[in-house]
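Because the structure is a prediction, the values reported are computed rather than measured. Every chain is numbered from 1, with letters handed out A, B, ... down the list of sequences. Reckoned from all heavy atoms, side chains included, excluding hydrogens, waters and symmetry mates.
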Amino acid sequence: MRTVASPRRRFTMSRREAIAGYLFVGPALLGFLLFQAAPLALSLFYSLTNFNMLDWQWVGLRNYQRLFTTDDYIGIAVGNTLYLAVIGVPLGIIAGLGLAVLLNQNIPGMRVFRTIYYLPVIMPTVAATILWINLFSPTNGLINNLLGVVGIRGPQWFYDPLFTKPALIIMGLWGVGGSMVLYLAGLQGVPKEVHEAAQIDGAGRWQAFRNVTIPAISPVLFFTFITGIIGSLQIFNQVYVIDQNFAGGQGASSIGGPGFSTLVYMTRLFDEGFRQFRMGYASAMAVLLFVFIMLLTGFLFKVVGARVYTEMS
Amino acid sequence: MQRQHTRARPILSAPPRARTRRLPRDWKMRAAALVVICAGASTILAPFVWLITTSLKTERDIASSRVLIPNPPQFHNYVDAWTSAPFTQYFANTMIIEGGVIVGTVLSCSLAAYGLARLRFPGRNIIFVLLLVPLMLPGIVTTIPLYIEFSAVGWLNTFLPLIVPSFFGNAFFIFLLRQFMLTLPRELEDAGVVDGAGRLRIWWSLILPLTRPALAAVVVLQFVATWNDFFNPLIYLNSPDKQTLSLAITGFVGQHSIAWGQLMAMSAMLTAPPAVLFFLTQRYFISGIVTSGLAGR
């Protein structure tokens with residue numbers, strides 16, 4: 001139906017455009033309602049019940065009560081998770097930034113190096129974890145072999161409660177290339193004039209770095225920091241595979257690793273919800289994580305975000 | 001005094017004397033930086049080398065930890081690994097899911113992106129913001145209720161929970177495609193409208209072909225994300241014959257009589273497809289993701 005000259009009362013061009021618009025975004029909008037909004041609300045609902053896939057009862061805040069008081073393992077899980085986040089993320093940032101600064105010097109073959117450092121990022125986490133389990137093998141892994149060469153007897157790594165989390169962090173640092181390329185881009189976006197101005201003003205190398213470079217890339221730093229923290233709070237794949245390795249393979253549903261040293265929030269949640277089928281409790285854990293992340297993000301935006309330069313003035 | 005901002009590359013038309021390279025003033029620093037970079041790169045590469053060499057060793061070599069380079073290389077480890085379990089089935093499972101997910105994602109996201117980029121309707125901006133909200137949610141807060149709902153309709157232990165949601169949009173890709181479509185010239189569409197083509201026809205015949213670079217990015221990213229997905233297959237696929245590759249490989253972890261050569265071979269094979277895709281497209285990706293500007297496509 002052509003409506004070029006005279007707009008009719010019902011089917012004007014803009015009306016038809018609007019209808020088309022709704023139809024085009026329809027699936028996505030429906031998806032938002034079905035797979036995001038509704039489940040979010042339902043999570044809250046289930047967290048107030050003791051649903052176990054068969055029947056349910058309203059229990060009010062009892063799940064949250066248990067979370068905060070009587071659950072013995074939650075403290076361990078939260079502690080381990082925070083350990084990984086608080087130590088792993090800053091280390092990753094320092095390493096990534098340091099490498100980016102080093103690589104930012106017009107060195108021949110920079111693109112090759114950049115690709116090399118980025119390689120671990122493309123490896124599936126499950127495959128990477130299996131590789132590192134072997135690398136950290138106490139008896140015939142590469143790490144302990146190398147330590148042996150310099151006369152150190154390597155620890156049991158993924159079998160020793162004291163070394164499981166450091167091993168996880170080392171494994172995480174292997175993927176430093178992911179953030180490094182972001183910092184590289186940020187550094188290369190800093191106009192030369194800024195550095196030249198600092199040089200003219202007589203700033204030393206470190207001063208220039210601290211007072212010029214870092215503020216210049218603060219948006220990237222802020223981004224990797226936030227996403228790093230949020231990501232490490234939800235770590236699952238690597239820990240699950242490591243726990244499986246320790247517990248003896250498929251069928252063994254134990255989580256937590258040696259001495260519960262690798263019990264993290266998400267594996268605990270997984271166990272509660274999908275092994276013990278305490279869906280109500282698991283939902284409470286999920287809601288709590290969600291609220292925590294929202295609050296943390298809001299807090300970080302307010303406190304740190306104010307110091308992030310969004311424009312160079 | 002010379003500023004060394006550029007590489008000391010000889011200029012062809014310069015007189016011979018100017019071709020001698022003068023060391024930059026801070027060459028010591030640069031050399032040190034290069035050493036550190038190379039050391040770091042070796043550290044990054046070492047695990048990959050270990051992966052390949054271990055996958056080609058005999059079990060005795062692996063246990064003895066004295067042998068660095070396997071001789072002769074046990075290529076049969078790869079065959080043995082593949083045949084030790086129905087990996088062809090697992091591969092097929094993974095590819096079925098991939099196929100469904102990619103089709104669903106491309107369709108739903110490009111439709112929504114076009115609607116958001118070009119069509120005007122009341123509430124468009126609100127809807128756009130709403131569709132971006134999932135980017136901020138931790139996935140787990142929607143997973144449990146979804147699992148319960150899928151259970152209620154009897155979809156547990158099928159591929160459906162893994163495929164169907166992708167037909168209903170994905171926040172990140174909708175955003176990506178919309179930004180790209182905003183840069184497309186309007187003249188073609190206007191011509192199409194004047195010619196009486198319906199919006200769907202315009203979308204299919206005009207917009208989609210022009211959006212190919214961004215669509216390629218979506219396909220690759222979604223392929224890799226689905227290939228690496230472990231959690232969703234873990235909770236939804238219970239029968240052994242429905243497992244995906246990453247799920248199946250994890251099943252071999254921790255067993256007492258573990259054949260590390262084969263396990264390494266499996267890990268290498270699991271890494272190959274995403275790695276190949278990455279190398280084929282990396283020129284577009286590292287710069288694309290990094291500058292996060294589709295204008296720089």
Any non-hydrogen side-chain atom of [X] less than 4.5 Å from a side-chain atom of [Y]?
X        : Y        : value
B:Thr142 : A:Phe35  : no
A:Phe32  : B:Ile127 : no
B:Phe278 : A:Val121 : no
B:Ile44  : A:Tyr118 : no
A:Phe113 : B:Leu34  : yes
A:Met279 : B:Tyr147 : yes
B:Leu51  : A:Met123 : yes
A:Val25  : B:Phe121 : yes

Heavy-atom proximity to chain A below 4.5 Å, by part of [X]:
X        : value
B:Met29  : side chain
B:Phe128 : neither
B:Ile140 : both
B:Leu234 : side chain
B:Tyr236 : neither
B:Val224 : neither

*Evaluate the side chain to side chain contact (heavy atoms under 4.5 Å, CB included) criterion for residues B:Ile144 and A:Phe274: first the C-alpha distance (whole Å), next the side-chain angles of each, then the deciding distance (0.1 Å), finally the verdict.*
CA-CA 9 Å; B:Ile144 294 179; A:Phe274 298 99; 4.2 Å; yes
_More than 12 heavy atoms from other groups under 6.0 Å of CZ on A:Phe223_ =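 Atom CZ in A:Phe223 is not crowded, with 12 or fewer foreign heavy atoms closer than 6.0 Å.
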_Passing candidate, side chain to side chain contact (heavy atoms under 4.5 Å, CB included) with B:Leu263, options A:Asn134, A:Ile133, A:Leu131, A:Ile130_ =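 So the option named by the test is A:Ile130.
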Looking at [options], which makes the most heavy-atom pairs under 4.5 Å with chain B?
options                                : result
A:Asn140, A:Leu233, A:Ile143           : A:Asn140
A:Phe236, A:Tyr22, A:Phe270, A:Phe51   : A:Tyr22
A:Leu119, A:Thr125, A:Ile293, A:Val112 : A:Leu119
A:Phe45, A:Tyr46, A:Trp132             : A:Tyr46

*Taking all atoms of both residues into account, what is the closest heavy-atom pair of B:Ala112 and A:Ala28, and its distance?*
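Heavy atoms of B:Ala112 and A:Ala28 come nearest at CB-CB, 3.7 Å.
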_I need the minimum non-hydrogen distance between B:Pro145 and A:Pro39, along with the two atoms involved._
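Minimum heavy-atom separation between B:Pro145 and A:Pro39: CG-O, 3.2 Å.
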Under 4.5 Å from any heavy atom of chain B, what part of [X] do you find: side chain, backbone, both or neither?
X        : answer
A:Leu269 : side chain
A:Val126 : side chain
A:Glu17  : both

*Has the side chain of A:Tyr240 got a donor or acceptor atom that lies under 3.5 Å from a matching backbone atom of B:Phe231?*
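Side chain of A:Tyr240 to backbone of B:Phe231, a donor-acceptor pair under 3.5 Å: no, none is there.
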*Could you check B:Thr43 against A:Trp174 for side chain to side chain contact (heavy atoms under 4.5 Å, CB included), going step by step and ending with a plain yes or no?*
CA-CA 8 Å; B:Thr43 318; A:Trp174 188 53; over 6 Å; no
*asked:* Let's test your reading of the structure: which of B:Ala171, B:Ala275, B:Gly198, B:Pro47 forms the most heavy-atom pairs below 4.5 Å with chain A?
replied: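 If we count pairs closer than 4.5 Å to chain A, B:Pro47 comes out on top.
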*Apply side chain to side chain contact (heavy atoms under 4.5 Å, CB included) to the pair A:Leu42 and B:Glu149, showing each step before the final yes or no.*
CA-CA 10 Å; A:Leu42 281 173; B:Glu149 302 317 315; 3.6 Å; yes
